Student: 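Below are the C-alpha cells for one structure; questions will follow.
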Amino acid sequence: MFENRIERSKSEALFEEAKAYFPGGVNSPVRAFKSVSGAPLFIKHGEGFTITDEDENTYIDFCNSWGPLILGHNNKQIKESVIKTIHDGMSFGTPTTHGNELGKFILDNNRFIDQMRFVSSGTEAVMSAIRLARGYTKKDKIIKFEGCYHGHVDSLMVKAGSGLATFGVSTSAGIPASFAQETIVLPLDDEQAVEDCLRAHSHEVACIIIEPVPANNGLLIQRKEYLAYLKEICAKHNVLLIFDEVISGFRVGFEGAAGYYNIQPDLITYGKIIGGGLPVGAFGGKKEIMEHVAPLGAVYQAGTLSANPVAMTAGLACLKQLADPSFYKKMEAQTAYLAEQIETHAKEQSYTLNVARIGSIFWLCFSDETIRTSAAIKSESMDYFKVLHHELLQTGVYLGPSGYEVGFLSKALADDQAHLDLAISKMKDALDTAYASVSI
Ligand SMILES: *Cc1c(COP(=O)(O)O)cnc(C)c1O
C-alpha cells in the first residue's frame with residue numbers, strides 16, 4: 001500500500017485549470033507548492049489517516065487540513081452529527097441550542113476562559129480579540145513577535161522595522177504604513193526586549209499577542225518561564241496578554257497551551273480544531289473583559305454565519321472525542337515515538353537533525369540546536385526539506401508543502417501502530433535521499 005505511481009497528471013491539469021479562476025490557482029497561498037516543487041495535489045477523499053488524490057494516489061497525511069483534523073479525515077461521529085443537523089437547515093442567523101451546547105462544553109472544560117464568542121475563522125478571532133483589547137484598555141498599540149503568525153489581519157501582517165526603528169513595517173502590500181506603525185514587533189525568547197519596550201511604551205500598548213506554541217514558522221517552543229514572565233509584566237503595566245491558540249488550542253491539551261503551561265492569559269483565540277473541519281473560530285476570556293463586546297459593551301463585533309448550527313455540531317462532535325484525559329497522553333506518546341525513531345536514525349547516520357515536538361505537533365529541524373526564534377532557522381536547511389517532501393510524495397506520505405510548516409499527528413494514525421511505523425520508515429528513507437543529494 002502507498003506505493004504510488006509517479007503519475008499526477010490529473011492534479012496537474014486541474015491546477016492549470018484553476019489558474020484561470022483563482023490568483024495562482026489557489027484560494028490560500030501556501031497551497032500552491034511554491035516552496036517545494038510540482039503542482040499541488042487535488043484531493044478528492046480523506047479517510048482516517050489517509051488522503052487520496054484525483055490520480056488515485058493515497059498518502060498517509062501529516063497535514064490534516066493544516067491542523068483542524070486532529071481525529072483524522074472523515075471522522076464518523078462528526079460526519080453523522082453534521083448530516084443529522086443539516087436536515088433542519090444550514091443557518092438561521094438566530095441563536096440555536098447547538099451554539100449553547102458547544103459553548104457550554106468548552107467553558108465547562110476550560111479553566112482559562114469564562115465567556116466566549118464564536119466567529120468563522122482564526123483570523124477573525126484574532127482581529128476581534130485585538131479590537132477588544134484596544135477597546136478595553138483604551139490604548140492603541142500592540143506588541144507581536146517575529147516568527148508568530150496570527151492570520152492575515154492588517155495590524156499583524158507586520159515584521160520588525162530595520163535598524164533602530166521601533167515600530168513595524170508591513171509584510172503585505174495594501175497595508176497602510178500608519179496601521180503597521182501601531183504594531184511593535186519583538187524577537188521571541190527575549191525578556192529584556194519586552195522589558196525595554198514596555199518601559200518606554202506601556203502607556204500606549206493595549207496588548208501583547210503571542211502564539212504560546214509558535215507553530216507557523218517552524219516549531220519554536222518557548223520556555224515556560226518566558227511565557228510566565230510575559231504574564232507578569234503585562235499585569236504590571238495594564239497590558240492584556242493574548243494567547244493565540246488557533247493551533248495549540250485543543251491540540252496540546254483540551255485547555256491548549258494555557259492549560260499545558262498553567263498560565264492564565266487575559267484573552268485566548270481559537271480556530272482550527274474547534275470547528276471539527278468546518279469554519280469556526282472563537283475568542284474568550286474573563287467575563288469582566290468579554291462584557292465589553294457588543295451588545296453588552298462598546299466593542300463592535302458581528303458575523304452573519306457565526307455559530308451556525310452545522311459548524312457548531314461539527315465542533316461539538318469533535319471536541320467530545322478529545323475530552324477523555326487519556327486522549328492527549330496517547331497523542332503525545334505516539335508523537336514522541338515518531339520523533340525519537342527519526343532522531344535515532346539521524347544520529348546513526350550522522351545527520352544534523354532534531355525533531356521539535358509538543359503534544360501531537362512535530363517539526364523536522366535540520367539543525368543540531370533547539371531553535372526558539374525565527375532568526376535561528378537557517379534558510380539553506382530548506383533545501384533538505386524540498387528533497388524530503390518530494391521523496392515522501394512519491395512514496396505516499398503527505399507533509400505540508402513548506403519546511404516552515406509543522407506536522408500534525410492524527411488520532412487515526414496514532415491508533416494504528418503498523419501504519420505509523422510504515423510512515424516512519426518512509427521518512428527515514430526520504431531523509432537518506434535528502435542527505436545524500438544535498439550538501440549545505
Ligand atoms: C491558522 C492560524 C490563524 C488564522 O486562522 P484562519 O482560520 O486561517 O484565519 C491565526 N493564528 C494562528 C496561530 C494560526 O495558526
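Remember, it's a predicted structure, so these values are computed and weren't measured experimentally. Order of appearance sets the numbers: ligands from 1, and atoms from 1 within every ligand.
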Student: Does the plane of the ring in Tyr136 sit parallel, tilted or perpendicular to the ring in His292? Use 30° and 60° as the thresholds.
Tutor: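 Tyr136 vs His292 ring planes: perpendicular.
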Student: Indicate yes or no: does Asp53 engage Lys10 in a salt bridge with an N to O separation below 4.0 Å.
Tutor: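 Answer for the salt bridge query: no.
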Student: Does Arg134 come within less than 4.0 Å of Asp140, counting only side-chain N to carboxylate O?
Tutor: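 Looking at Arg134 and Asp140, the cut-off is not met.
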Student: Please determine whether a side-chain nitrogen of the Lys or Arg among Lys287 and Glu291 lies less than 4.0 Å from a carboxylate oxygen of the Asp or Glu.
Tutor: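 A salt bridge is present here (some side-chain N lies under 4.0 Å from a carboxylate O).
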Student: Name the residues in contact with ligand 1, where contact means a heavy atom under 4.0 Å away: which are they?
Tutor: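 Shell around ligand 1 (4.0 Å, heavy atoms): Ser121, Gly122, Thr123, Tyr149, His150, Gly151, Glu211, Asn216, Asp244, Val246, Ile247, Lys272.
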Student: Is the shortest side-chain N to carboxylate O distance from Glu101 to Lys320 below 4.0 Å?
Tutor: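 No, no charged N to carboxylate O under 4.0 Å.
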Student: Where does the angle between the aromatic ring planes of Tyr384 and Phe366 fall among parallel (under 30°), tilted (30 to 60°) and perpendicular (over 60°)?
Tutor: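 Rings of Tyr384 and Phe366: parallel, as their planes differ by under 30°.
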